[in-house]
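Here's the structure, in structure tokens; my notes come after.
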Amino acid sequence: MSTPRFLNLPPGVAPRKLETPQGTFAALEALPVSGVVDRWPALLVPGLTGSKEDFIAVLQTLAQSGRRVVAVDLRGQYETAGPDDPDAYTCAALGADVDLVAQAIAGGEPVHLVGHSFGGLVAREAVIDGRVKFASFTLMSSGPAAIVGPRAHYSRKIMEEVPARGLEHAWATGFEPEALANGVPDDILEFLHKRLLANSPVGLATMAEQVLTMHDRTDELRQIEVPTLVLFGEHDDGWPAEVQSEMAARLGAEFMVLPGAAHSPAVEAPETTAAALVGFWNTAETHYLDTRSNAM
């Protein structure tokens, strides 16, 4: 799972509750510490076993570029409640939620959308099937279809064991030993335990099944013609680098490999990740405004 290296919220970052027709979503909202909001907002979507806290290390830097930046818990994740209905946790259903959250923060402006890992598959649904016109879309450590790297093993374990043995068993037999082996500090370990147990078991198992079976929608995404960035760490153990690079080529998208990062660039290389996103967003906005000016 993505493991934040700290939990103290930086200046300008605060917890929020976002109201949508589908219910309330827990979020972290970042605003510029100095200056004003004069650029388009951004929405960040976490992965399968993650949460909004996975983006803490990049939120202040992203917001300081002149934006409102919102990281959200998906339905059934950590501090966002969810039902005991598997149909609520398909990529399509969660993508519809992302569409509603984007509408809630848009303020009449296009929204930059970022999806990490499984969150990329979910966010892609919102781009293809939603009603929001996104300013840009970033697939962060995410692939074109079902996950195929070593992380597929963990997803399969969640799918098979959580319904039968529960979240505490998953923690004790998988997540906790891995965290301890990686030397995770006690306060972060406590947070990871709390976060996992707060998930909807039905939701987590269904999301795991989705990431293992999701079909390829790359050609459909290309038809939307939204500026797209494929961003991943050089040591990513989710979708292989060649799979993500090939996806970028099929999309005609920019792609960037982040040195030193693995599957969670916002945690492992926050400054490089934030700089890549801000540069991409600025370019997308300039292109949009130039295109609109030429059409008038």
Side-chain angles (χ1 to χ4, degrees), residues 39-47 54-55 57-59 61-67 69 71 95 98 102 109-128 130 132-145 147 149 216-236 238-292 294:
R39 288 188 174 273
W40 295 340
L43 174 60
L44 315 180
V45 181
D54 295 342
F55 299 106
V58 299
L59 286 174
T61 304
L62 294 177
Q64 203 53 40
S65 66
R67 293 180 172 83
V69 182
V98 169
E109 295 180 316
V111 176
H112 297 285
L113 182 61
V114 179
H116 173 236
S117 192
F118 173 70
L121 300 180
V122 169
R124 184 179 66 181
E125 299 289 303
V127 175
I128 296 173
V132 173
K133 175 62 176 178
F134 288 99
S136 72
F137 178 38
T138 299
L139 287 151
M140 180 187 293
S141 300
S142 190
I147 196 166
D216 191 332
R217 301 194 72 185
T218 303
D219 292 340
E220 294 170 84
L221 177 60
R222 177 161 187 158
Q223 293 175 13
I224 302 300
E225 296 184 340
V226 62
T228 302
L229 171 66
V230 174
L231 182 71
F232 56 94
E234 65 173 333
H235 304 300
D236 196 344
W239 288 266
E242 58 270 22
V243 170
Q244 296 185 64
S245 298
E246 180 185 0
M247 177 180 67
R250 289 173 59 195
L251 289 168
E254 297 183 41
F255 79 93
M256 182 176 294
V257 182
L258 300 179
H263 190 61
S264 300
V267 172
E268 298 145 354
E271 292 305 316
T272 309
T273 300
L277 289 173
V278 169
F280 175 60
W281 293 345
N282 289 347
T283 299
E285 290 176 20
T286 299
H287 176 74
Y288 179 90
L289 293 173
D290 288 346
T291 302
R292 187 174 66 175
N294 291 335

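FYI, side chains are in, hydrogens and waters are out, and symmetry mates aren't considered; it's all heavy atoms of this structure. Remember, it's a predicted structure, so these values are computed and weren't measured experimentally.
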Please check if the side chain of [X] supplies one atom and the backbone of [Y] the other of a donor-acceptor pair under 3.5 Å.
{"X": "E268", "Y": "A262", "value": "yes"}
{"X": "T273", "Y": "P265", "value": "yes"}
{"X": "T61", "Y": "V58", "value": "no"}
{"X": "E234", "Y": "G260", "value": "yes"}
{"X": "R217", "Y": "E125", "value": "no"}

Please report the closest heavy-atom contact between [X] and [Y], naming both atoms and the distance.
{"X": "A276", "Y": "L231", "value": "CB-CD1, 4.2 Å"}
{"X": "G115", "Y": "F137", "value": "N-CE1, 4.4 Å"}
{"X": "S136", "Y": "H112", "value": "OG-ND1, 2.7 Å"}
{"X": "P41", "Y": "E109", "value": "CD-OE1, 3.6 Å"}
{"X": "M247", "Y": "P144", "value": "SD-N, 3.4 Å"}
{"X": "S142", "Y": "L121", "value": "OG-N, 3.7 Å"}

For the atom pair [atom1] ([X]) and [atom2] ([Y]), what is the distance rounded to the nearest 0.5 Å?
{"X": "T138", "Y": "E254", "atom1": "OG1", "atom2": "CD", "result": "9.0 Å"}
{"X": "L221", "Y": "T228", "atom1": "CG", "atom2": "OG1", "result": "5.0 Å"}
{"X": "S65", "Y": "L277", "atom1": "OG", "atom2": "CG", "result": "9.5 Å"}
{"X": "N282", "Y": "W40", "atom1": "CG", "atom2": "CH2", "result": "11.0 Å"}
{"X": "M256", "Y": "T272", "atom1": "CE", "atom2": "OG1", "result": "9.0 Å"}
{"X": "I224", "Y": "K133", "atom1": "CD1", "atom2": "NZ", "result": "7.5 Å"}

Does a side-chain heavy-atom distance below 4.5 Å link [X] with [Y]?
{"X": "L113", "Y": "V132", "result": "no"}
{"X": "L62", "Y": "L44", "result": "yes"}
{"X": "Q244", "Y": "V257", "result": "no"}

Q) Is the number of heavy atoms from other residues, nucleotides or ligands within 6.0 Å of CD (E242) greater than 12? A) yes
Q) What residue pairs, at least two apart or across chains, pass ring-ring contact (aromatic ring centres under 6.0 Å, His included) with a residue in residues 248-280? A) H116-H263
Q. Are E220 and R124 ion-paired here, with the side-chain N under 4.0 Å from a carboxylate O?
A. no
**Q.** By side-chain contact (heavy atoms from CB on, under 4.5 Å) - contacts of V267 (at least two apart)
**A.** R5, S264
Q. What residues, two or more places apart in sequence or in another chain, satisfy ring-ring contact (aromatic ring centres under 6.0 Å, His included) together with W239?
A. none
